[in-house]
Amino acid sequence: QVQLVESGGGLVQPGGSLRLSCAASGNFFSINVMGWYRQAPGKQRELVARIISGGYTNYADSVKGRFTISRDNAKNTVYLQMNSLKPEDTAVYYCNADRVQLGSRFQNYWGQGTQVTVSS
């Protein structure tokens, strides 16, 4: 079982920066994929960025060059550095842990979300 706790959301002006953190805890062998998703009112949840064991990263086109995902395996924590924020980045951001190995099976977990609001 895994618990994901997000932090770092808040209100920021356009062009500003925020860093989101997601700490995973629980009884698990490994987390193969960690990522960030977001959902704005009236829109579907979308992938923002993900990182897998070994360092491969993937970003949504809308955030490439502005956001950076990183992972500290020793702390079981994933980060999302968000720079040059735009109003359209406003959403609830959710941490996701995929292919979490629990004994002989794999699971997927979601955090409860943290609000990011970009407004002047």
Heavy-atom donor-acceptor pair, T77 side chain to K75 backbone, under 3.5 Å: yes
Pairwise disulfide (SG to SG under 2.5 Å) hits with a residue in residues 32-86, at least two apart: none
Q44 atom CD: more than 12 heavy-atom contacts under 6.0 Å: no
Residues forming a salt bridge (charged side-chain N to carboxylate O under 4.0 Å, His left out) with K43, sequence neighbours excluded: none
Of all pairs that satisfy disulfide (SG to SG under 2.5 Å), the ones with a partner from residues 22-108, not counting sequence neighbours: C22-C95
Shortest non-hydrogen separation from V2 to A24 and the atoms involved: CG1-CB, 4.1 Å
Any residue meeting salt bridge (charged side-chain N to carboxylate O under 4.0 Å, His left out) with R99, in chain and number order, not counting sequence neighbours: none
Contacts of R71 that satisfy side chain to side chain contact (heavy atoms under 4.5 Å, CB included) - sequence neighbours left out: I31, M34, I51, S53, N73
Sequence neighbours excluded, every pair satisfying salt bridge (Lys or Arg N to Asp or Glu O under 4.0 Å) that has a member inside residues 103-120: none
same_hphob_cluster(V12, V63) at 4.5 Å side-chain heavy-atom cutoff: yes
Contact list for residues 26-40, test salt bridge (Lys or Arg N to Asp or Glu O under 4.0 Å), sequence neighbours left out: R38-E46, R38-D89
Worked check of side chain to side chain contact (heavy atoms under 4.5 Å, CB included) between T68 and L80: CA-CA 6 Å; T68 302; L80 185 68; over 6 Å; no
Pairs meeting criterion side chain to side chain donor-acceptor pair (under 3.5 Å) with involvement of residues 111-120, two or more places apart: Q115-T117
Heavy-atom side-chain proximity of T90 to V116 below 4.5 angstrom: no
Nearest-0.5 Å distance, OH of residue Y79 to CG of residue L20: 12.0 Å
Contacts of type side chain to side chain contact (heavy atoms under 4.5 Å, CB included), residue Q39, not counting sequence neighbours: R45, Y94
With N76 via side chain to side chain donor-acceptor pair (under 3.5 Å) - residues at least two apart: none
Criterion side chain to side chain contact (heavy atoms under 4.5 Å, CB included) on Q101 and Q107, from CA distance to verdict: CA-CA 7 Å; Q101 186 176 0; Q107 269 284 9; over 6 Å; no
Within-4.5 Å side-chain heavy-atom neighbours: S17 and Q81: yes
Nearest-0.5 Å distance that lies between atom CD in Q3 and atom CG in N27: 10.0 Å
Transitive ILVMFWY side-chain link F28 to V5, under 4.5 Å: no
Side-chain heavy-atom pair N108, V100 within 4.5 angstrom cut-off: no
Contact check, side chains of W36 and N96, non-hydrogen atoms, under 4.5 Å: no
Verdict with supporting geometry, Y93 and M82, side chain to side chain contact (heavy atoms under 4.5 Å, CB included): CA-CA 12 Å; Y93 284 70; M82 304 185 293; 3.9 Å; yes
All pairs passing ring-ring contact (aromatic ring centres under 6.0 Å, His included) where residues 97-120 contributes a residue, at least two apart: Y37-W110
Point-to-point distance, once rounded to the nearest 0.5 Å, from CD1 of I52 to CG of N32: 8.5 Å
From CZ (R50) to CG (N58), nearest 0.5 Å: 4.5 Å
Contact list for residues 48-78, test ring-ring contact (aromatic ring centres under 6.0 Å, His included), sequence neighbours left out: none
